[in-house]
Amino acid sequence: MSNALKTPSFTPAVGRLLMSLIFILSGVGKLAAPAATIGYIASTGLPLPTLGYAAAVIVELGGGLLLLAGYQTRIVAAVLALFALVTALIFHHALGDQNQMIHFMKNLAMAGGLLQVVTFGAGAFSLDGRARKLSHQAA
């Protein structure tokens, strides 16, 4: 492969940063307004909205921070991709509403990007990359 086509080593870290922001900010937003979030979950008819709220905060905030750091990245990205797909189907299924269609497609795009991370990993600038480098040095 020519050097002109080679991806810079920082590109995966920038990608993880951009993908993680939506999860981190959404998790922080849920922490700031728990009653509103629980009410919205309840309005969809889902059982145990408080448990759903807690799970969403853990997945979004915890998963977003782990993705950002690049720790257990493939597993975290798979969980976040699944979360994005499930939330698209549950919360954004009114596809006749243009706003909901955009949110549905955004979730699909996020899942697609996260599946790229599942496939190709976190990259060099990550905790996973650092651990891999240390294990190769020890071998």
Side-chain angles (χ1 to χ4, degrees):
M1 178 189 324
S2 75
N3 284 337
L5 298 176
K6 193 170 183 177
T7 304
S9 60
F10 63 85
T11 304
V14 173
R16 288 192 335 271
L17 167 67
L18 295 174
M19 284 189 285
S20 69
L21 282 176
I22 195 164
F23 293 104
I24 294 168
L25 294 175
S26 184
V28 168
K30 284 175 177 57
L31 285 175
T37 304
I38 292 166
Y40 180 61
I41 294 169
S43 75
T44 66
L46 288 174
L48 306 170
T50 304
L51 182 61
Y53 164 79
V57 169
I58 290 167
V59 170
E60 289 180 340
L61 194 52
L65 290 170
L66 290 171
L67 181 66
L68 177 62
Y71 181 73
Q72 298 292 314
T73 313
R74 291 175 193 255
I75 295 167
V76 169
V79 169
L80 290 172
L82 181 62
F83 181 81
L85 291 173
V86 168
T87 55
L89 294 170
I90 293 172
F91 297 105
H92 306 302
H93 62 275
L95 302 180
D97 176 344
Q98 184 178 10
N99 185 46
Q100 289 301 311
M101 171 65 96
I102 290 168
H103 283 293
F104 184 85
M105 297 304 293
K106 169 210 40 129
N107 280 37
L108 293 184
M110 290 182 341
L114 289 160
L115 290 175
Q116 292 288 308
V117 176
V118 170
T119 302
F120 298 109
F125 294 110
S126 65
L127 293 176
D128 290 347
R130 180 162 172 73
R132 189 172 43 256
K133 184 178 178 182
L134 291 174
S135 72
H136 283 122
Q137 288 175 349

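Computed from a prediction, not measured in an experiment: that's the story for all the values here. Residue indices begin at 1 and follow the sequence shown.
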Please list all pairs passing the salt bridge (charged side-chain N to carboxylate O under 4.0 Å, His left out) test where one or both residues lie in [range], with sequence neighbours left out.
| range | result |
| --- | --- |
| residues 72-89 | none |
| residues 46-58 | none |
| residues 35-44 | none |
| residues 23-46 | Lys30-Glu60 |

Please confirm whether the backbone N or O of Tyr40 pairs with a side-chain atom of Ser43, one donor and one acceptor, at under 3.5 Å?
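Side chain of Ser43 to backbone of Tyr40: a pair is present.
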Might you point out which heavy atoms bring Leu68 and Arg16 nearest each other, and give the distance in Å?
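What the structure gives for the nearest pair is O-NH2, 3.1 Å.
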Using the side chain to side chain contact (heavy atoms under 4.5 Å, CB included) criterion, which residues pair with Ile102? Sequence neighbours excluded.
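Checked Ile102 against side chain to side chain contact (heavy atoms under 4.5 Å, CB included); matches are Gln98.
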Only counting residues at least two apart or in another chain, list the ones meeting side chain to side chain contact (heavy atoms under 4.5 Å, CB included) with Leu61.
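In terms of side chain to side chain contact (heavy atoms under 4.5 Å, CB included), with neighbours along the sequence ignored, Leu61 is linked to Ile24, Val28, Leu31, Leu65.
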So which pairs with a foot in residues 64-73 pass side chain to side chain donor-acceptor pair (under 3.5 Å), sequence neighbours left out?
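Counting only pairs at least two positions apart or across chains, the side chain to side chain donor-acceptor pair (under 3.5 Å) contacts touching residues 64-73 are Thr73-Asp128.
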Would you call Thr37 and Val57 a side-chain contact if the rule is heavy atoms closer than 4.5 Å?
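Thr37 vs Val57: side chains apart.
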Restricting to pairs with a member in residues 104-133, which pass ring-ring contact (aromatic ring centres under 6.0 Å, His included), not counting sequence neighbours?
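Pairs touching residues 104-133 that pass the test: none.
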Contacts table for residues 79-91: side-chain donor-acceptor under 3.5 angstrom, sequence neighbours left out:
from: Thr87; atom 1: OG1; to: Phe83; atom 2: O; distance (Å): 2.9
from: Thr87; atom 1: OG1; to: Ala84; atom 2: O; distance (Å): 3.1
from: Thr87; atom 1: OG1; to: Asn107; atom 2: ND2; distance (Å): 3.0

Who clusters with Leu48? Use side-chain heavy atoms, under 4.5 angstrom, across I, L, V, M, F, W and Y, and order the result by chain and number.
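Leu48 clusters with Leu51.
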Leu108 atom CG, over 12 foreign heavy atoms within 6.0 Å:
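Atom CG in Leu108 is packed in, count exceeds 12.
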